[in-house]
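Written out below as structure tokens is the structure these notes cover.
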Amino acid sequence: MIKLSPRLQIVYDMIPACDTVADVGCDHGYLSIALLENGVAKRVIPMDVNKGPLSKAQENIQAAGFMDQSDLRLSDGLAKLSPDEADVICICGMGGALIQRIISAGIAVAKSAKLMIIEPQSEYLELRTFLMNQGFVIDDEDLTCEENKIYPIIKFHYEADESKRITYTTAQLEYGPKVIEKTPELLIKLLDKNESEYSSIINKLERGGASEVAAARCQELRAELEIITQIKNSL
């Protein structure tokens with residue numbers, strides 16, 4: 001039995017029993033193997049833009065005996081996936097801007113999936129804003145910590161019915177509506193960490209003398225601190 005990292009375990013736990021899962025940026029293929037081993041998915045499509053990781057994934061999937069249920073593809077994002085081909089699409093372990101580019105370039109494919117699960121490692125506000133503006137609704141979220149950095153894992157689907165779409169607040173777009181709702185310990189840790197960092201930067205900038213750039217940055221950080229206070233007061 002394959003053992004998943006805590007990060008991939010959260011992704012795995014978010015995937016319901018289904019026919020086909022596409023894993024974009026499949027790395028070593030561990031998620032695909034776990035899904036097949038436990039009968040969560042009947043078929044997997046591991047995808048990667050680089051030959052090295054895809055070759056390693058193929059090697060591991062072959063060793064596990066699941067080649068018949070696997071369709072490995074060398075693909076830049078969703079380029080080699082067709083609409084309605086996968087029930088679930090996972091895109092994990094990348095920067096938020098790259099995930100946004102992948103979804104944007106393959107928007108018809110993304111909207112055709114029953115659900116998507118992503119694990120961005122940066123640009124959370126921009127990415128959630130993009131998803132909201134494209135008509136996606138967040139179903140679930142969790143936080144994971146690797147190498148002292150806290151990342152969100154976001155599960156969402158495209159909502160064709162405009163009346164069922166949700167307009168999220170800035171605080172929800174920054175930290176995640178479901179994360180705030182659940183209030184995991186990692187959220188408190190993240191809020192405290194960001195509060196300390198932002199306050200420290202403001203103090204340094206103010207000590208460094210006045211400049212338009214410094215003043216603008218201080219204003220941005222104070223807005224961030226206001227969001228943190230708002231979330232903490234709501235918990």
Side-chain angles (χ1 to χ4, degrees), residues 2-16 21 23-28 30-32 34-35 38 40 88-100 102-103 115-132 136-157 166-204 217 220-235:
I2 200 86
K3 181 162 176 61
L4 298 175
S5 66
R7 172 179 68 89
L8 281 182
Q9 186 63 49
I10 293 170
V11 175
Y12 171 90
D13 289 339
M14 286 185 176
I15 300 172
V21 175
D23 184 13
V24 180
C26 64
D27 200 19
H28 290 76
Y30 295 149
L31 179 62
S32 292
L35 291 168
N38 297 296
V40 176
V88 179
I89 298 173
C90 300
I91 310 176
C92 302
M94 305 176 201
L98 177 54
I99 291 177
Q100 181 175 327
I102 288 171
I103 295 174
L115 66 92
M116 292 189 68
I117 299 168
I118 58 174
E119 185 240 331
Q121 298 185 342
S122 57
E123 293 101 16
Y124 316 123
L125 172 66
E126 294 82 0
L127 181 54
R128 285 193 186 94
T129 302
F130 163 78
L131 294 175
M132 178 181 70
F136 292 100
V137 173
I138 295 171
D139 301 305
D140 194 13
E141 292 174 299
D142 216 331
L143 294 175
T144 185
C145 186
E146 279 194 357
E147 297 176 359
N148 286 324
K149 182 144 189 197
I150 298 169
Y151 305 109
I153 294 170
I154 309 167
K155 175 180 175 178
F156 58 94
H157 74 279
I166 299 170
T167 300
Y168 300 107
T169 66
T170 303
Q172 289 174 323
L173 292 169
E174 182 78 57
Y175 289 94
K178 297 297 182 182
V179 170
I180 294 169
E181 194 179 293
K182 290 178 175 180
T183 322
E185 282 183 26
L186 280 177
L187 173 62
I188 307 301
K189 184 177 177 181
L190 180 61
L191 292 172
D192 289 344
K193 174 177 170 286
N194 286 350
E195 189 173 41
S196 175
E197 282 182 10
Y198 298 158
S199 298
S200 175
I201 294 168
I202 288 171
N203 289 337
K204 283 177 184 173
R217 182 62 179 143
E220 284 175 9
L221 291 171
R222 286 196 186 96
E224 291 290 339
L225 288 173
E226 220 169 285
I227 289 171
I228 291 170
T229 301
Q230 179 190 326
I231 294 171
K232 283 187 170 183
N233 288 341
S234 71
L235 302 180

Between [Y] and [X], is there a side-chain heavy-atom distance shorter than 4.5 Å?
X: Glu123; Y: Gln100; value: no
X: His157; Y: Val137; value: yes
X: Pro184; Y: Val179; value: yes
X: Pro16; Y: Leu115; value: yes
X: Glu141; Y: Arg128; value: yes

In Å and rounded to the nearest 0.5 Å, what is the [atom1] to [atom2] distance from [X] to [Y]?
X: Gln121; Y: Arg7; atom1: CD; atom2: CZ; value: 6.5 Å
X: Ile103; Y: Phe130; atom1: CD1; atom2: CZ; value: 6.0 Å
X: Ile99; Y: Ile91; atom1: CD1; atom2: CD1; value: 6.0 Å
X: Ile188; Y: Leu235; atom1: CD1; atom2: CG; value: 5.0 Å
X: Ser199; Y: Ile228; atom1: OG; atom2: CD1; value: 7.5 Å
X: Thr167; Y: Met132; atom1: OG1; atom2: CE; value: 6.0 Å

Contacts of type side chain to side chain contact (heavy atoms under 4.5 Å, CB included), residue [X], not counting sequence neighbours:
X: Ile150; answer: Leu143, Cys145, Leu186, Lys189, Leu190
X: Glu174; answer: Leu125, Glu224
X: Leu98; answer: Met94, Arg101, Ile102
X: Gln230; answer: Ala171

### Task
Decide yes or no on side-chain contact (heavy atoms from CB on, under 4.5 Å) for Glu146 and Glu119, but give the supporting numbers first.
CA-CA 12 Å; Glu146 279 194 357; Glu119 185 240 331; 5.8 Å; no
#### Entry: side-chain contact (heavy atoms from CB on, under 4.5 Å) evaluation trace for Tyr151 with Tyr124
CA-CA 9 Å; Tyr151 305 109; Tyr124 316 123; 3.6 Å; yes
### Query
Taking it one step at a time, do Val21 and Val40 satisfy side-chain contact (heavy atoms from CB on, under 4.5 Å)?
CA-CA 9 Å; Val21 175; Val40 176; 5.9 Å; no
### Task
Please list, chain by chain and in numerical order, all residues satisfying side chain to side chain donor-acceptor pair (under 3.5 Å) with Lys182, sequence neighbours excluded.
Asp140
### Task
Inspect the surroundings of CD in Gln9 and state if more than 12 heavy atoms from other residues, nucleotides or ligands are less than 6.0 Å away.
yes
### Task
Would you indicate whether Lys232, at its atom NZ, is surrounded by more than 12 heavy atoms from other residues, nucleotides or ligands within a distance under 6.0 Å?
yes
So, for [X] and [Y], which heavy atoms are closest and what is the spacing to 0.1 Å?
X: Lys178; Y: Asp139; value: CE-O, 3.5 Å
X: Gly96; Y: Pro120; value: CA-CB, 3.9 Å
X: Gly95; Y: Ser122; value: CA-OG, 3.4 Å
X: Ile117; Y: Cys92; value: O-SG, 4.4 Å

### Query
What do the steps show when you test Asp142 against Met14 for side-chain contact (heavy atoms from CB on, under 4.5 Å), and what is the final call?
CA-CA 10 Å; Asp142 216 331; Met14 286 185 176; 4.1 Å; yes
### Message
Under the side chain to side chain contact (heavy atoms under 4.5 Å, CB included) test against Cys90, which residue among Ile15, Leu8, Val24, Ile118 passes?
### Response
Ile15
### Qualifying residues under ring pair (Phe, Tyr, Trp, His ring centres under 6.0 Å), relative to Phe136, sequence neighbours excluded
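Phe136 satisfies ring pair (Phe, Tyr, Trp, His ring centres under 6.0 Å) with Phe156, Tyr158 only.
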### Message
Donor-acceptor pair, distance only, cut-off 3.5 Å: does the side chain of Thr229 make one with the backbone of Leu225?
### Response
yes
